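Reviewing the structure listed below.
It should be emphasised that the depicted structure is a prediction, and the values quoted were computed from it without experimental measurement. Reminder, nothing fancy here: chain letters follow the sequence lines and each chain counts from 1.
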Amino acid sequence: MKHTISILVENEYGMLSRIAGLFSARGYQIDTLNVAPTLEEGVSRMTLTTHGNDHIIEQILRQTLKMVKVIQVTDMTANAHVEREMVMLTVSARRGEERQEVMTLVKIFRARVVDVSEDALILELTGNAEKVEAFIGLLKPIGIQDIVRTGPVAMTRVAAIRAQQLCGDDEEFSELTLNEKV
Amino acid sequence: MKMRGARILLEALRCEGVKHVFGYPGGAVLHIYDELIKHAESLGISHYLVRHEQAALFGAAGYAQSTGKTGVALVTSGPGGTNAVTGIANAFMDSLPLVVFTGQVPTHLIGNDAFQEADLTGITRSCVKHNYLVKKVEDLAPTIKEAFYVASTGRPGPVLVDLPKDMTAQEMEFSYPETIEMRSYKPQVYGNPRAVRRAVEAMFEAERPVLYIGGGAIAAGAHEGLRSLAEKLNLPTTCTLMGLGAFPSSHPLSLGMLGMHGGYWTNMAVNNCDLLISIGARFDDRVTGKLSEFARGARFVHVDIDPSCVGKNVACDFPVIGDAKVVVEQMLEMVDEELAHGAIPAPRQAWHDQIAEWRRQHPFWFKEEGEVIKPQYVIHELHRLTEGRAVVSADVGQHQMWTAQLYGFDEPRQWVNSGGLGAMGYGFPAAMGAAVARPNDTVVAVVGDGGFQMSFNELATVKQYNIPVKILVINNGYLGMVRQWQEQFYDHRYSHSNIEVAPDFVKLAEAYGVPALRATKASEVTGTLEKALQTPGPVLIEMQVAREENVFPIVPAGAALKDMILA
Ligand SMILES: Cc1ncc(C[n+]2csc(CCOP(=O)(O)OP(=O)(O)O)c2C)c(N)n1
Ligand SMILES: [Mg+2]
């Protein structure tokens, strides 16, 4: 099953290659990966998607958390969360019917046109993976010339955080579900 | 007072209480060596010049393994660092606390393919607990502080600090941080009381329990607590290769070592138990054999400081994350409470009787053959003559397994060997490190003729510093363990495992100025060993042993424990 994992790290020299190296050394897959700063200086968040059975995911979480400069690891998929990725596409859109068709899709998907030329448009869309996939699927027959995707970033829903805080203490073996170094 | 980075490094070592450094110089670390000759003595630091960087790492590892103190190695950039990699990987696999200082080209040359440049933090990333590249001299002292802290706490391991040459040249005030606070590194020490309680309840309930102790118990210093626990609950107890000595092998509850070359009774006990209580062990494939067949009727208690070890290989019923010593103390408290409340462990006599019966059926056994020296006999005599009290450092191969099976370790940190990585060439340099660390103990390196030929360069080091290692070469003219597998699993095709073309080991030692003795007949073994043990300083003993002896029992790779081959 696909999992979205959020990793808070001290933004030190070589951090990305440490995480990537852990995955490759242990035979785990990284499907997408996104790294960016947080509000706190010197701390970055990595969001990656991976797949595997429960056992593999559990190992990924624990092996990652074990790394010395990792502050927190969260399996976003385990809780209610919001996920978004951005895609940019260069789509052929010659004047007339073709461009009309593209613009209809842009409207339906609430995408944005960020660049226009004679016979092509650059589109920008934000959404969860299914929405992005659907958009790409519909544009393909028209002609996608180029595509870049960020891979998802994710945020836990506020309600889910509250619920966790409420029941956290009663967890039978909370140390095993713990994802933070306290 | 301002001082250059090289001096700051030495001052930091003093603050960490480092007394011994194993190293090898080169261009990138010359500032450090220059400070060493000026200040080592006043700082109370002795540097041992090895003859290959791998031996600096193995020496530091033997030092750590035989004491629990952090071992320190210092090597130069490029080839110095790459030569050290095997030693770093070894310390990583066996969770040994090491701090390794490597030289690096000056910061402005990094990435330029400069002379003797190697990306050492990159190369070692997957075999260190953590590594650092110091890019500002202000970071030097805090980085060293952090390196020692990370190496020696939690699950110990090697930490590498890469030092660009300009970092050791630039000057600044020395001040060493007194405390350390890392938000991203906080090993969990106390076990969750509820988890511990459940584990203890299971220990009372079990009718066929086995206590299974690994190297983590030695790292944590849990041996005394474990002994009380075993005695209070009457638990048959086995140790892994890395755990030997954590429970006295002469104790009536001791089952000896389990796994690929474990005793028949030990593996049968593990295979038939209803509760396996694992303390600081990791269910390694050499221990479990075929996982799906491993202790099928058992529930598992797993105490480990490393959460990623728990549930990795076997599904665990009673996981406890924490320091083995602390958790065992928590367990003992609850056991005492239960006992005071009148709880009694389930009856276990039948279980003990059954294990004794297995042991009677197939004890460790070897055939004596007149004057042919049997390697097992050598180990047996070594035990007798050292009264089981020597620090014994083995290399890798058959001799290692015979030593593990037969020496009979009663104390933790008496047994030094490369378990996880299984690196040939470890035994002798590691013994050297152990002898430096424990000058009042007899230190014996039990090595094969193969592994010794990967490390005999250190004869010069033990000669130079008069390090009193007794080097016992078990010479069978073969890469014996390889030959055994070829005999048993490849129909006797001895492909490239015959090493009878070898130096005369006695002459070799003598060439280095190290006294040497040889035994070729069984009747000479005792006298030769006695004489060697009485010889002060380093000495080599060559035992010309039976060439095609096999280690039994053996669980074939990938087979179930119960399918071990007995003879
Ligand atoms: C560096 C390294 N290379 C290869 C091996 C594989 N290996 C394991 S045991 C062994 C034979 C060791 O021979 P020797 O040192 O003579 O010991 P013996 O088994 O004969 O007692 C070999 C080659 C290893 N463990 N380490
Ligand atoms: Mg041999």
Side-chain angles (χ1 to χ4, degrees), chain A residues 5 7-28 38 40-46 52-75 168-182, chain B residues 110 119 121-136 139 143 146-147 149-151 153-155 157 159 162 182-199 302 304-322 327:
Chain A
I5 294 172
I7 308 169
L8 204 61
V9 300
E10 311 243 15
N11 189 14
E12 284 199 3
Y13 159 84
M15 213 44 220
L16 175 60
S17 89
R18 278 180 213 281
I19 301 277
L22 169 77
F23 273 71
S24 66
R26 296 198 179 260
Y28 313 139
T38 60
E40 193 178 342
E41 199 177 328
V43 175
S44 294
R45 183 175 295 283
M46 298 189 184
N53 59 31
D54 290 353
H55 177 71
I56 290 174
I57 299 298
E58 192 60 44
Q59 270 295 305
I60 288 177
L61 297 174
R62 290 185 192 179
Q63 295 287 359
T64 310
L65 187 62
K66 182 166 127 183
M67 303 194 80
V68 168
K69 295 291 169 175
V70 170
I71 300 165
Q72 188 195 57
V73 181
T74 316
D75 180 5
D169 272 357
D170 282 342
E171 287 272 334
E172 185 75 327
F173 295 118
S174 54
E175 81 259 45
L176 284 179
T177 47
L178 205 83
N179 60 5
E180 211 165 339
K181 293 170 175 170
V182 281
Chain B
I110 290 179
D119 172 15
T121 47
I123 287 171
T124 59
R125 201 158 279 150
S126 62
C127 62
V128 290
K129 184 167 173 186
H130 196 62
N131 60 23
Y132 301 87
L133 172 64
V134 178
K135 284 179 151 175
K136 292 193 299 241
D139 292 344
T143 301
E146 202 171 295
Y149 176 66
V150 169
T153 52
R155 180 177 181 175
V159 174
D162 204 17
M182 292 171 71
R183 100 190 246 212
S184 58
Y185 177 73
K186 291 185 173 136
Q188 184 171 337
V189 173
Y190 286 92
N192 176 324
R194 220 172 323 199
V196 177
R197 162 116 16 225
R198 287 191 50 188
H302 194 168
D304 209 296
I305 196 152
D306 178 353
S308 70
C309 267
V310 176
K312 181 175 69 180
N313 296 339
V314 297
C316 179
D317 306 87
F318 306 105
V320 185
I321 310 299
V327 173

If you take all heavy atoms of A/Lys66 and B/Ser308, which pair is closest and at what distance?
NZ-OG, 3.3 Å
Measuring from atom CG of A/Leu65 to atom OG of B/Ser184, what distance do you get when rounded to the nearest 0.5 angstrom?
10.0 Å
If you draw a 6.0 Å radius around OH in B/Tyr190, do more than 12 non-hydrogen atoms from other residues or ligands fall strictly inside?
no
For B/Asn131, is it the side chain, the backbone, both or neither that has a heavy atom under 4.5 Å from a heavy atom of chain A?
both
Counting C-beta onward and ignoring hydrogens, is there a side-chain heavy-atom pair between A/Glu58 and B/Lys312 closer than 4.5 Å?
no
Can you give me the closest heavy-atom contact between B/Arg183 and A/Val43, atom names plus distance?
NH1-CG2, 3.7 Å
Working to the nearest 0.5 Å, report the span between OH of B/Tyr185 and CD of A/Glu10.
14.0 Å
Passes side chain to side chain contact (heavy atoms under 4.5 Å, CB included), A/Met67 versus B/His130? Steps please.
CA-CA 8 Å; A/Met67 303 194 80; B/His130 196 62; over 6 Å; no
Around A/Asp54, counting heavy atoms of other residues, nucleotides and ligands shown, do more than 12 lie under 6.0 Å from its CG?
no
So which residue, A/Gln63, A/Arg18, A/Glu12, ends up with the most heavy-atom pairs under 4.5 Å with chain B?
A/Arg18
